Trainee: 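If you scroll down you'll find the structure; I have some questions about it.
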Amino acid sequence: MRDFPLFPDQASTFATQVDQLYFFLVALSLIFAGVLPFVILYLIVRYHRSQKVDRSNPVNSNLKLELTWTIIPLILVMLVFFWGAFLYVQIRTPPMRTLDVYVIGKQWMWHVQHPNGKRENNELHVPIGQPVKLIMTSQDVIHSFYIPAFRVKQDVLPGRYTVMWFQATKPGEYHLFCAEYCGTEHSLMIGRVVALPLADYERWLATPGPVILPDGSIDTGRPTVVASPGDPMAAAGAQLFTNLGCAGCHAMAGGGVGPSLKGLYGATEKLNDGSTVTADENYLRESILNPNAKIVAGYAPVMPSYQGQISEDQLNQLIAYIKSLADTGN
Amino acid sequence: MATLSLPQSSYIRDNSRTFTEWLKSWLLTVDHKRIAILYLLSINFFFLLGGLAATLVRVELITPQGDLMSSDVYNRAFTLHGVIMVFFFLIPSIPAVLGNFLVPLMIGARDLAFPRLNLLSWYLYMIGGLFALIAAVFGGVDTGWTFYTPFSSTYSNSNVVMTITGAFIMGFSSILTGLNFIVTIHKMRAPGLTWFRLPLFIWANYATSIIQILATPVLGIALLLVVVERLWGVGIYDPALGGDPLLFQHLFWFYSHPAVYIMILPAMGVISELISTFSRKRIFGYEFIAFSSIAIAILGFLVWGHHMFVSSQSVYAGLIFSFITMLVAIPSAIKVFNWTATLYKGSISYRTPMLYALGFIGLFVIGGLTGIFLGVTAVDLHVTDTYFVVAHFHYVMVGGTIMAYLGGIHFWWPKMTGRMYNETWGSIAALIIFVGFNMTFFPQFILGYLGMPRRYHVYPPEFQVLHVMSTAGASILAIGFIVPLIYLGISLRKGRIAGDNPWGATGLEWKTSSPPPTYNFDKTPIVTEEAYAYPPEAAERDAASWRPGSPL
């Protein structure tokens, strides 16, 4: 059946859950779409004008009947709504400890960078049995990261991060599609997701390979991939942090012109207008590109914007570095 | 009952002596019936054009490789299909053709409230269409009919501005038609025609008009802003310019979801008329059907976010939109159950319009139920932007709107032209369309759940079998759309004279001659009874008069 499948692979923890709800919906539909046509068929045959049957006392309205076919469907749709809602919240809420992988979409390819610096294009290697979080952004138009076998999909937008998580359950190779129309070669913006047992994944991560940058060029100079748990994405971010002069104001010990970034990621920040904000990836991104949008209480709006000065790729590295300073980092 | 010749004077006949005079009498007419005919011709022209684009798409998809056309041509083909079918066929179809013809007739009025505005609507429609056609001829547009930003506003190298201008102008046609209907229905009902004596077709068009007036301006604004960003680089949608790409989706779907109800509500109105007539019975649950139209119109404004569950809209917004979407299922279900109940103890005949009505119910039930799949957030994450969505909205739009449009055309054809068409061919065409439609779109549900994304020109080979099935069905469907053109065309010359009321239907439009005179009614009718006022024994009498050889 490999060449003519009728049902997709189930390769993530969500797949079976989504499919259960799907089958319930199919069953519910069959009650209506399977029975109603036969009722109609029966009525149009029995009451066809050529049939001599009792047609006396036709009824034109019946409140009890109307209420019945209002309330029963209402109960049923509420049932599927709540079922779907609980599952939806779960699918959209990543757990605390995840393996973070950074994805950049662009016309017409996917670029992926793993925490240890390993990069790949149009492929995504993930370990099974581990929650994986994709932190995604686009360099141009809207794309959508879609892995049918995992039953997950998330639009990838320019100018912000969107987040998607899953836990693969079955080793194998699966389709990766761009699901949001993005121009000429939209249908070629595809690739494969390779789910591997954890040990194989770690071996793959440590395999030195060519470093493919988001623009497709191959960087042979830098040995970015290292086997040690040195976290080169964060290391690259730390290097940038120094080179861009961030450290001049954001003194990690505190007391600088800007707030210390130690323990920032995931914390709740108090702003000078009295509101609070959770320091997630999007907050960090905004604070680098548009620093005056949200000012931490007690600080002055003096930071210059880095909009246009750093690439999406470098931004990811900076954020990976700031996240590595968090109290409960992974 | 049937007269032997067409009436001496009717809205079709005139005393123009030269061709120019005749052309003027049509192109400058303010008669709602003539304008309806103008719409009928132009809308069907656009339908064939949209169908042609669909043919290109379906033929390309027979093989997994992109062998017939390049990806740019394919992208232009499906965009042309979508833009033409949505803006220039589905949205105006039933209101502009059947509504224009029937609203004044059904309420016993001389014309619409603003006849000149009505003509202006048609010209706006044609000018909008002209822009869309020019855009297509000079290179086409490749954004999809949804014009998502920032692709449309910054990145696409195609005729976006020209196409958007077309849709923008056409929007005014839609607004003005809605306005005209609302004023007409409020102010020009015949004496005695109270709100609850109105035919359900009028209720449905009233609900539709409300949506047209309130939602279309938002689309106009959204599209205008795309043009502003594209031409002058003002940052509205593109984050590189300081804009927000999601803003466009919110504005766009605020119109385009209610637009789906602009398409389906008048269709439901048609079905109510057909079911009642061909059951020889008052419609079951009149008030429930009438108010369910209004409920759908109102709820339709509150569900646009269900197009954006994966767009990065917040989880809580998603939940609220999902919840309200579930509620839309209820008035839709109420209608289907009431139509079914109308059949009970009726005297049912299988005339061509009735076949379309029954087909409508079957397809609408599938379209509606799969709408629940898509409204349930967790399932939507998987199937949105796949062929599952494509199949779902074709079931609602084609299976719903087009079935009702064709059913309505076949029902009121004798009123519009004064002649009957060949009913055998009518039934055959209805059957071909029903079968062809299901063959085309049912496999797409399976494709969608397998994960086949929409708008793909090249696809993985394991999806080919289902795509070939779908294309085969589309060929049958195409035949089904061509057959009516032939026998309806023939009927114009050779059709049997229909007489005033060939179906034995109630309703004011059947009380005047066929085709009606320019003034619609010799005397303003006075209404003393409810809509569908079939006497309690009507069904019994109809069945008793049936003899072998009578129409089925």
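These numbers were taken from a predicted model, which means no experiment stands behind them. Letters A, B, ... are given to chains in the order of the sequence lines, protein chains preceding strands, and every chain is numbered from 1.
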Trainee: Select one option (side chain, backbone, both, neither) describing which atoms of A/Asn62 are under 4.5 Å from chain B's heavy atoms.
Mentor: both
Trainee: Non-hydrogen atoms of chain A under 4.5 Å away: do they reach the side chain of B/Tyr148, the backbone, both or neither?
Mentor: side chain
Trainee: Heavy-atom distances under 4.5 Å only: say whether B/Tyr155 touches chain A with side chain, backbone, both or neither.
Mentor: side chain
Trainee: Find the distance between CG (A/Asp54) and NZ (B/Lys345) and round it off to the nearest 0.5 Å.
Mentor: 4.5 Å
Trainee: Angle class for the A/Phe32/B/Phe337 ring planes (parallel below 30°, perpendicular above 60°, tilted otherwise)?
Mentor: tilted
Trainee: Which bit of A/Thr162 is near chain B, if near means a heavy-atom gap under 4.5 Å: side chain, backbone, both or neither?
Mentor: side chain
Trainee: Which atoms of A/Val156 come close to chain B, meaning under 4.5 Å heavy atom to heavy atom: side chain ones, backbone ones, both, or neither?
Mentor: neither
Trainee: Taking non-hydrogen atoms and a cut-off under 4.5 angstrom, which of residues 280-287 of chain A neighbour chain B?
Mentor: none
Trainee: Which answer fits A/Val163, side chain, backbone, both or neither, if we ask what part of it has an atom under 4.5 Å from a heavy atom of chain B?
Mentor: neither
Trainee: Is it true that the side chains of A/Thr184 and B/Asp72 contain a donor and an acceptor less than 3.5 Å apart?
Mentor: yes
Trainee: Given a strict heavy-atom distance threshold of 4.5 Å, which part of B/Gln313 is in contact with chain A: side chain, backbone, both, or neither?
Mentor: backbone
Trainee: When rounded to the nearest 0.5 angstrom, what distance separates CZ in B/Phe151 from CG in A/Asp140?
Mentor: 10.0 Å
Trainee: Go through B/Tyr532, B/Tyr459, B/Phe309, B/Tyr286 and name the one with the most non-hydrogen pairs under 4.5 angstrom from chain A.
Mentor: B/Phe309
Trainee: Please classify the contact of A/Ile91 with chain B as side chain, backbone, both or neither, using a heavy-atom distance under 4.5 Å.
Mentor: side chain
Trainee: Distance check, rounded to the nearest 0.5 Å: A/Ile44 atom CD1 versus B/Leu358 atom CG?
Mentor: 5.0 Å
Trainee: Could you look at B/Arg454 and say if it's the side chain, the backbone, both or neither that has a heavy atom under 4.5 Å from chain A?
Mentor: backbone
Trainee: Please report the interatomic distance OH(A/Tyr146) to OG1(B/Thr386), rounded to the nearest 0.5 Å.
Mentor: 5.5 Å
Trainee: Ignoring hydrogens, what is the shortest heavy-atom contact between A/Ile142 and B/Pro150? Give both atom names and the distance.
Mentor: CG1-CD, 4.0 Å
Trainee: Using atom types as modelled and distance alone, determine if a side-chain donor or acceptor of A/Lys153 lies under 3.5 Å from a backbone N or O of B/Val310.
Mentor: no
Trainee: Taking side chain as everything from C-beta outward and backbone as N, CA, C, O, which of these in A/Pro158 sits under 4.5 Å from a heavy atom of chain B? Side chain, backbone, both or neither.
Mentor: both
Trainee: Please evaluate residues A/Glu66 and B/Glu287 with respect to the criterion side-chain contact (heavy atoms from CB on, under 4.5 Å), reporting the C-alpha separation (whole Å), side-chain torsions for both, the decisive distance (0.1 Å), and the verdict.
Mentor: CA-CA 11 Å; A/Glu66 299 283 355; B/Glu287 294 84 355; over 6 Å; no
Trainee: Is it the backbone or the side chain of A/Leu188 that comes under 4.5 Å from a heavy atom of chain B, or both, or neither?
Mentor: side chain
Trainee: Let me confirm one number: the OH-OG distance from B/Tyr74 to A/Ser187, rounded to the nearest 0.5 Å.
Mentor: 8.0 Å
Trainee: Under a 4.5 Å heavy-atom cutoff, which of A/Gly159, A/Pro73, A/Ser50 has the most pairs with chain B?
Mentor: A/Ser50
Trainee: Looking only at heavy atoms and a cut-off of under 4.5 Å, which of B/Thr370, B/Leu319, B/Leu327 has the most pairs with chain A?
Mentor: B/Leu319
Trainee: Heavy-atom cut-off 4.5 Å, strictly under: side chain, backbone, both or neither for B/Val365 against chain A?
Mentor: side chain
Trainee: Which answer fits B/Leu447, side chain, backbone, both or neither, if we ask what part of it has an atom under 4.5 Å from a heavy atom of chain A?
Mentor: neither
Trainee: B/Thr154, B/Asp238, B/Leu246: which one forms the most heavy-atom pairs within less than 4.5 Å of chain A?
Mentor: B/Leu246
Trainee: Which bit of A/Leu157 comes within less than 4.5 Å of chain B, counting heavy atoms only: side chain, backbone, both or neither?
Mentor: side chain
Trainee: Please look at A/Ile147 and chain B and tell me whether the side chain, the backbone, both or neither of the residue comes under 4.5 angstrom of a heavy atom of that chain.
Mentor: neither
Trainee: Pair A/Met78, B/Phe323 - check side-chain contact (heavy atoms from CB on, under 4.5 Å), show working.
Mentor: CA-CA 8 Å; A/Met78 283 301 110; B/Phe323 183 84; 3.3 Å; yes
Trainee: Between B/Thr384, B/Thr149, B/Asn157, B/Ile366, which residue shows the highest count of heavy-atom pairs closer than 4.5 Å to chain A?
Mentor: B/Thr384
Trainee: Let me see the working for A/His175 and B/Leu450 under side-chain contact (heavy atoms from CB on, under 4.5 Å), right down to the final yes or no.
Mentor: CA-CA 10 Å; A/His175 283 301; B/Leu450 280 170; over 6 Å; no
Trainee: For chain A, which of B/Trp339, B/Phe284, B/Tyr316 has the most heavy-atom pairs under 4.5 Å?
Mentor: B/Phe284
Trainee: So which residue, A/Val89, A/Leu36, A/Val152, A/Val39, ends up with the most heavy-atom pairs under 4.5 Å with chain B?
Mentor: A/Leu36
Trainee: Distance from B/Phe373 atom CZ to A/Tyr22 atom OH, nearest 0.5 Å?
Mentor: 6.0 Å
Trainee: Checking A/Val53 against chain B: side chain, backbone, both or neither under 4.5 Å from a heavy atom?
Mentor: neither
Trainee: Looking at residues at least two apart in the chain, or sitting in another chain, which of them share a salt bridge (charged side-chain N to carboxylate O under 4.0 Å, His left out) with A/Arg49?
Mentor: B/Asp542
Trainee: Which atoms of A/Val80 come close to chain B, meaning under 4.5 Å heavy atom to heavy atom: side chain ones, backbone ones, both, or neither?
Mentor: both
Trainee: What are the two closest heavy atoms between B/Ser314 and A/Tyr88, and how far apart are they?
Mentor: O-OH, 4.4 Å
Trainee: With side chains defined as the heavy atoms from C-beta onward, is the minimum distance between A/Val45 and B/Ile348 less than 4.5 Å?
Mentor: no
Trainee: Would you call the rings of B/Phe78 and A/Tyr181 parallel, tilted or perpendicular, where under 30° means parallel and over 60° means perpendicular?
Mentor: perpendicular
Trainee: Sort A/Thr93 into side chain, backbone, both or neither according to what part of it lies under 4.5 angstrom from a heavy atom of chain B.
Mentor: neither
Trainee: Looking only at heavy atoms, which two atoms of A/Lys52 and B/Ala543 are closest? And how far apart?
Mentor: NZ-O, 3.1 Å
Trainee: So for A/Met164, is it side chain, backbone, both, or neither that comes closer than 4.5 Å to the heavy atoms of chain B?
Mentor: neither
Trainee: Which bit of B/Ser70 is near chain A, if near means a heavy-atom gap under 4.5 Å: side chain, backbone, both or neither?
Mentor: neither
Trainee: So which of B/Val379, B/Val315, B/Ile283 has the biggest tally of heavy-atom pairs under 4.5 Å with chain A?
Mentor: B/Val315
Trainee: Tell me, for A/Arg46 versus chain B, whether the close heavy atoms (under 4.5 Å) come from the side chain, the backbone, both or neither.
Mentor: neither
Trainee: Considering only heavy atoms, which portion of B/Ser349 lies under 4.5 Å from any heavy atom of chain A: side chain, backbone, both, or neither?
Mentor: both
Trainee: If I measure from the heavy atoms of chain A, does B/Val376 come under 4.5 Å with its side chain, its backbone, both, or neither?
Mentor: side chain
Trainee: When you look at A/Leu63 and B/Phe288, which way does the side-chain contact (heavy atoms from CB on, under 4.5 Å) test go after all the steps?
Mentor: CA-CA 10 Å; A/Leu63 188 61; B/Phe288 288 89; 3.7 Å; yes
Trainee: Considering only heavy atoms and a distance below 4.5 Å, find which of A/Ile190, A/Leu87, A/Ile40, A/Asn290 pairs most often with chain B.
Mentor: A/Ile40
